[in-house]
Amino acid sequence: MRKKIALVIVVCLLVSAMMAACAPAGEKPPVKEKIVTWLDPSDLTGPVSGIQIDWSKGYEDYVAEWNKKGGWNGVTVNYITLDARYDVARAISCYRRYLGAPKFLWVRSTATSVDKALTPLITGKQILSSVNDGEIVAHPGWAFNCGPAYQNGFGAVCDWALADWESKGKSGKPRIGVVHWDNPFGKEWQRGGLEYAESKGITVNDVGYATSAVDFKPYLTTLEEKGMDYLVIWVVEPSISSVGVQAHEMGLDKSVEAVIYNWWGPVRTCGLKYHAEELKGHFLLAQSLQGTDLDNNELAAGLAKKYRGSIDNVGDGYSLGVAGSVRFITALERALDKVGYEKLDAYAFKEAVEGLTGLDPGGCQGITAWSPTDRNGSWYVKFYEFDGTTKAKPITDWVKCPDTVSLHTWD
Amino acid sequence: MLPCGTFNETYAKDLAIVRTRFQWGILIAAIVAAYCVPLFASTYIVGLFDRILIIIVCVLGLQIVMGYCGQVSFGQAAFMAVGAYTAAIFTAKFGWNFLPAMIMAGIVTGVIGMIGGAPSLRIKGFYLAMATLAIHFIVMWVIMHLEITEGTRGMIVPPPTLGGIVFATDQSMFYIILTVTIIMTFLAKSLARSKIGRAFIAIRDNDLAAEVMGINLFSYKLLAFFISCFYAGVAGSLWAYWLVSITPEHFTLFHAIWYVGMIIVGGMGSITGVFFGVIFLQALDEAALIAVPALREISMFFGGAGPGISMAVMGIIIALFLIFEPRGLYHRWEIFKSSYRLYPFID
């Protein structure tokens, strides 16, 4: 008898679960609160978590502060962070899950491959806050890069290396060796970046490795054998710090003019926390405030102190999140001013985002470049030097990147 | 165990997949209900089903080579990539219809899988696992460096069309994916009860004895890899048509390991176990995703990265599961069936 009862219970539970899962959406309950939904399928446990966690925190904290101040006439943003683990299918699943959420207008992408998969899905429905994919700049649509395109950033590295080379009175042109991830992000800088380097007479040798690699010495040796005057490490934290440490162990930072990292690390809460000494004297190309600059930024430091205890509890990616939030919240306010909450849709939001040209994102990043024809978040980068502490020191002011995207022939 | 009062009187009855009228009724009702899902379910649920069904096709292939033939393979994600790219190339670059492109994807992947499976004659167990790991990296490296696959940039795949109908949504793709899954499941189930299937099982249980019995180990092992990779290729092509864009990052070693985990959780050597394993782990993955907003509230206990613990929770659940039910969910299902089929004779 007990088994019969158990069977009935199991069947009832299964049927209930199936009905709940497949139930029609039906009439939505009346919305009491005026909410705009923003979705952040971040990478909190995957290969780029070293930078993404703090990036998400920056977004969250600024939104939380804006909500606390009352939002826009009672309209608040529901900022949802999920762990997509740098997995394209999972990011898409996160996206689909919130399709029915009220005023779901904004999604953040964490990877170039996620950009590619999400772009056709969000078109006409949401804005995609993408990473620095040059293709998005070449074909302006519904995705908006968070900063300069990767290739434009690489162009800035070429300019910096050339200026450094000439200031040292060296003849000829420098050779740049680039170690990068062998994936869409890792090679994106080449599309336009290589053309730019060639136009400047710079020789570029590169080597790619899988994101799961832990021993980088074979790749660095390959570059060394090809010959290089500057070593550029174009990967993401925490892998980026590991490459830097192994380059130091090989003595490469003594044999080349400079070791330069792209903007995804090392950061104070990860690589610099454990390897500050090994990374001393290396340089960083940054698209948002880092190190002591970040400490001195009133907005970012204030938010971090209020929501995370101290600016030292967040990594340097925090500034990028705050900058992004300032921009999108400003666009949201402008869109709401124009059409109100009821008529607010992706088209109104997109138009407002495209109108942000020239906006200062709280000093956390360079001046906003988004316009109806431009998808670069900004054209400006800064260079920093690691001095053996956990805080990078600025060595330049904001520097405008060259336009390298236009040098490439796009499909 | 058969239902009470049901006896196998002929060899055909013994081999039948569906044995009683009641079972036929349940099967037909389940298939009809499955085809009705897009009419009622949200896009999210339909998308989730799409993903689960594609993974089921892929893991069915892995079950054939691993569960039936006993050859460990960590190359299934890479073989799925081969299928996805083959379908994408034939559709986007050569203008093929999705149906022949999907079959071609299966064949091409099967042939590559046979080459990859060649070491299985000389090595087995952990050594074969290591060899297939190497195959994963070799295949992915080749995909990332070929011009026709557009390297690491990935490819945009046109949505499938059939008689003027464009299958561009999750709902419409569901019908294609479900149909393919039903066909592939039937084929896998049929294979398991055929001469080939019995040869696979003999090789798995004792390859030396199988060879003495006259089974050509090399041919059958290669055949197992071909069939397994054919499944992976078809699954990969469905994946490409479903997501409309593919990059090498869709097919990582992490995925390959999860596919093996799905077989272990579901039950080795069982087609039904594949369904249990895939649905259980995917549901768990999704539950972890759903729990994330709640975890944010307690994130201060985890250094502010509360949502990240979802993966740890999932790992713990799987570890507990493996400790308490190492023979897989299918075994638990068999025990359950046995108990209710004996009712009311045993209570």
Side-chain angles (χ1 to χ4, degrees), chain A residues 1-4 6-7 10 18 21-25 42 44-46 49 53-54 56-57 60 80-90 92-100 111-114 116-117 119-121 135 181-188 191 208 210-212 308 313-314 411, chain B residues 33 36-37 39-49 51 55 137 140-141 144-145 150-156 170 239 243-250 252-255 285-286 288-290 292-293 295-296 299 303-312 336 339-340 342-344 346-347:
Chain A
M1 190 60 191
R2 272 182 304 166
K3 280 179 182 166
K4 192 178 179 185
L7 178 64
V10 167
M18 281 178 69
C22 299
S42 192
L44 305 174
T45 50
S49 54
I53 291 172
D54 297 303
S56 293
K57 284 178 185 173
E60 279 182 14
I80 301 163
T81 306
L82 299 169
D83 183 15
R85 297 202 289 259
Y86 208 59
D87 182 316
V88 181
R90 199 169 157 85
I92 288 169
S93 185
C94 293
Y95 166 75
R96 287 199 173 105
R97 174 155 179 74
Y98 287 92
L99 274 178
T112 308
S113 51
V114 176
K116 289 178 194 296
T119 301
L121 301 178
E135 197 161 354
W181 273 353
D182 211 355
N183 71 359
F185 145 69
K187 293 173 89 168
E188 181 59 33
R191 298 202 284 176
T211 53
S212 54
R308 311 287 168 183
N313 292 337
V314 294
D411 298 331
Chain B
C36 291
V37 164
L39 303 177
F40 304 105
S42 65
T43 306
Y44 165 64
I45 293 292
V46 176
L48 187 61
F49 277 138
R51 180 153 56 105
I55 295 173
F137 286 107
M140 294 314 295
W141 190 90
M144 283 192 280
H145 291 87
E150 299 187 20
T152 55
R153 298 194 300 275
M155 290 182 73
I156 300 295
D170 284 328
W239 185 272
L243 285 181
V244 194
S245 75
I246 48 166
T247 64
E249 291 191 333
H250 291 218
T252 64
L253 183 62
F254 181 78
H255 292 103
D285 197 30
E286 215 56 30
L289 196 72
I290 293 164
V292 163
L295 289 172
R296 288 175 74 206
S299 65
I309 67 163
S310 62
M311 203 169 167
F336 174 70
S339 69
Y340 82 74
L342 287 172
Y343 179 83
I346 296 174
D347 191 12

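Note on naming: letters A, B, ... go to the chains in the order of the sequence lines (proteins, then strands), and numbering restarts at 1 for each one. This one's a predicted model, so the numbers in the text were calculated from it and none came from an experiment.
- No side-chain donor-acceptor contact under 3.5 Å links A:D87 and B:H250.
- Here the OH-OG1 distance, from A:Y95 to B:T43, works out to 9.0 Å after rounding to the nearest 0.5 Å.
- For B:D285, the parts lying under 4.5 angstrom from a heavy atom of chain A are both the backbone and the side chain.
- What you find for A:K187 and B:M144 is that their closest heavy atoms are NZ-O, 4.1 Å.
- Heavy atoms closer than 4.5 Å to chain A are found in the side chain of B:R51, but not in its backbone.
- Minimum interatomic distance between A:P184 and B:T152 (heavy atoms only, all atoms of both residues): CG-O, 2.8 Å.
- The part of A:Y86 that comes within reach of chain B is its side chain, from C-beta onward, which places non-hydrogen atoms under 4.5 angstrom from that chain.
- For the pair A:R97 and B:Y44, the cation-pi test (distance below 6.0 Å, angle within 45°) is passed.
- Counting all heavy atoms, side chain and backbone alike, A:K116 lies closest to B:R153 at CE-O, 2.9 Å.
- For the options B:L243, B:T252, B:D170, heavy-atom pairs under 4.5 Å to chain A are most numerous at B:D170.
- Of the two parts of B:S245, only the side chain, counted from C-beta on, holds a non-hydrogen atom closer than 4.5 Å to a non-hydrogen atom of chain A.
- Residue contact with chain B, scored on non-hydrogen atoms closer than 4.5 Å, involves the backbone and the side chain of A:D182 alike.
- The residue among A:R191, A:E135, A:E188 with the most heavy atom pairs within less than 4.5 Å of chain B is A:R191.
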